[in-house]
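Read the structure below first, then the notes.
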Amino acid sequence: MSIPVFGLGTFRLQDQVVIDSVSQALKLGYRAIDTAQIYENEAAVGNAIAQSGIKRSELFITTKIWIANLAQGKLIPSLRESLQKLKTDYVDLTLIHWPSPNGEVSVSEFMTELMEAKALGLTRQIGISNFTIDLMKQAIAAVGKEAIATNQIELSPLLQNRKVVEFAKENDISITSYMTLAYGKALDEPVIKAIAKQHDATPAQVILSWAIQLGYSVIPSSTKVNNLASNLLAQTLHLSAEDMALIATLDRGERLVSPEELAPQWDV
């Protein structure tokens, strides 16, 4: 099994806003939806999916286990609750959202629990999010690299996270990029604008295409139908080697997501 290249993110979207976003995206042809326990929108996402009438087998649903639910005896019950909210018997992918702060719950403990969830049929695949090289090594030691489908990390033209990407690739762990547009900051880069003009494309399409051409999966979010439709077209935009090289120069290690109470010691 593999991770879809293109999906819909739902971070910061709740209630009717997320229902509308997911509903519109599904109508446009999106089939992968990314949510998380901490987003507090699983039930709304589940409602939108149920109302769509699309067969469950055609969808790829991802959720993430929050840090409060990482311990043995908590992880699996919390995932069952997520499934109930999402109105499904299983999710296609379950990620550890953040490593346990200060190692309160060991990587071995929560990865073993995640494997058990998979064995129970609650999730088809398992993975990690916001994991550094050291944390990936611990996860691999716990369950084997073949069990880890992806590492979902902040990755944009402004934060290209090359060390983590290289280690993941060496171990056949795919990369899912979140915050790919850098909260919109990357859209204003002159290099991006120039490439977009050259291809008669939007800056967002250029950035998403760049990530896809590097082999990453992307999960952009939007509440606007036009943007949802436009973003999808990034899959058919082909950037030249020169375009890719120019975007590579934009890396300045600009991390936008690093909550003090959650963030591990990032690889620099």
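The shown structure was predicted, so the numbers you read here are calculated from the model rather than taken from an experiment. Just so you know, residue 1 is the first one in the sequence shown, and it goes up from there.
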How about [X] and [Y]: do any of their side-chain heavy atoms sit closer than 4.5 Å?
X      : Y      : value
Ile207 : Pro157 : yes
Asp243 : His199 : yes
Tyr90  : Arg56  : yes
Thr10  : Ile219 : no
Gln160 : Trp210 : yes
Gln125 : Ile3   : yes
Val218 : Tyr178 : no
Leu232 : Tyr30  : yes

For [Y], is there any backbone N or O sitting under 3.5 Å from a side-chain donor or acceptor partner on [X]?
X      : Y      : value
Thr123 : Ile126 : no
Gln24  : Ser21  : no
Asp267 : Lys163 : no
Ser209 : Val206 : no
Arg80  : Leu75  : no
Asp89  : Leu122 : no
Lys64  : Thr35  : yes
Thr180 : Leu208 : no
Asn47  : Ala44  : no
Glu189 : Leu158 : no

Quick one about [Y] and [X] (side-chain donor to acceptor, distance below 3.5 Å, no hydrogens or angles considered), yes or no?
X      : Y      : result
Gln37  : Ser78  : yes
Trp98  : Ser129 : no
Asp92  : Thr62  : no
Thr150 : Thr176 : yes
Asn161 : Tyr216 : no
Asp134 : Gln138 : yes
Ser230 : Asn227 : no
Asp34  : Gln152 : yes
Thr63  : Glu42  : yes

Locate the shortest heavy-atom distance separating [X] from [Y]; write the atom from each residue and the value.
X      : Y      : answer
Ala48  : Leu26  : O-CD1, 4.3 Å
Phe60  : Ser2   : CE1-O, 3.8 Å
Ala204 : Asn231 : CB-OD1, 3.7 Å
Ser156 : Ala182 : OG-CB, 3.8 Å
Ser108 : Ala142 : CA-CB, 3.7 Å

Quiz item: When you look at Ile54 and Ile49, which way does the side-chain contact (heavy atoms from CB on, under 4.5 Å) test go after all the steps?
Solution: CA-CA 7 Å; Ile54 296 169; Ile49 289 171; over 6 Å; no
Practice problem: For the residue pair Tyr39 and Phe11, categorise the inter-ring angle as parallel (less than 30°), tilted (30 to 60°) or perpendicular (more than 60°). | Solution: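 Correct class here is tilted.
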Quiz prompt | CA sep, side-chain torsions, deciding dist, call: Ile175, Lys169, side-chain contact (heavy atoms from CB on, under 4.5 Å) | solution = CA-CA 8 Å; Ile175 292 291; Lys169 282 187 175 179; 5.7 Å; no
Quiz item: Does the ring of Phe6 carry Arg31 above it, NZ/CZ under 6.0 angstrom from centre and within 45° of its axis?
Solution: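 Output no; distance or angle outside limits.
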Mark yes when over 12 heavy atoms from residues, nucleotides or ligands other than [X] sit less than 6.0 Å from its [atom1]; otherwise mark no.
X      : atom1 : value
Gln84  : CD    : no
Glu58  : CD    : yes
Lys74  : NZ    : no
Glu170 : CD    : yes
Lys197 : NZ    : no

Straight-line distance of [X] [atom1] to [Y] [atom2], nearest 0.5 Å:
X      : Y      : atom1 : atom2 : result
Leu187 : Gln205 : CG    : CD    : 11.0 Å
His238 : Gln213 : NE2   : CD    : 5.0 Å
Ser177 : Leu214 : OG    : CG    : 10.0 Å
Gln72  : Glu113 : CD    : CD    : 4.5 Å
Glu104 : Phe110 : CD    : CZ    : 11.5 Å
Glu109 : Leu70  : CD    : CG    : 8.5 Å

Practice problem: Identify which one of Pro101, Ser100, Pro99 satisfies the side chain to side chain contact (heavy atoms under 4.5 Å, CB included) criterion when paired with Ile67. | Solution: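 Result for side chain to side chain contact (heavy atoms under 4.5 Å, CB included) with Ile67: Pro101.
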Quiz prompt | Sole candidate of Asn151, Ile173, Ile140 that passes side chain to side chain contact (heavy atoms under 4.5 Å, CB included) when paired with Phe167 | solution =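 Exactly one pass, corresponding to Ile140.
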Joint hydrophobic cluster, [X] plus [Y], side-chain heavy atoms closer than 4.5 Å:
X      : Y      : result
Leu155 : Leu8   : yes
Val22  : Val91  : yes
Ile61  : Leu228 : yes
Val45  : Leu13  : yes
Ile247 : Leu181 : yes

Exercise. State plainly whether the residues Glu166 and Arg162 are in salt-bridge range, i.e. N to O under 4.0 Å.
Key: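 Judged by the 4.0 Å cut-off on N to carboxylate O distance, Glu166 and Arg162 do not form a salt bridge.
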Self-check item: Any residue meeting side-chain hydrogen bond (donor to acceptor under 3.5 Å, both in side chains) with Ser222, in chain and number order, not counting sequence neighbours
Solution: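 Listed in chain order: nothing, the list is empty.
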Quiz item: Run the side-chain contact (heavy atoms from CB on, under 4.5 Å) check on Leu233 and Leu237 step by step: do they pass?
Solution: CA-CA 7 Å; Leu233 298 176; Leu237 172 62; over 6 Å; no
Practice problem: Might you work through the side-chain contact (heavy atoms from CB on, under 4.5 Å) test for Val225 and Asp20, ending with a clear yes or no? | Solution: CA-CA 9 Å; Val225 179; Asp20 291 343; over 6 Å; no
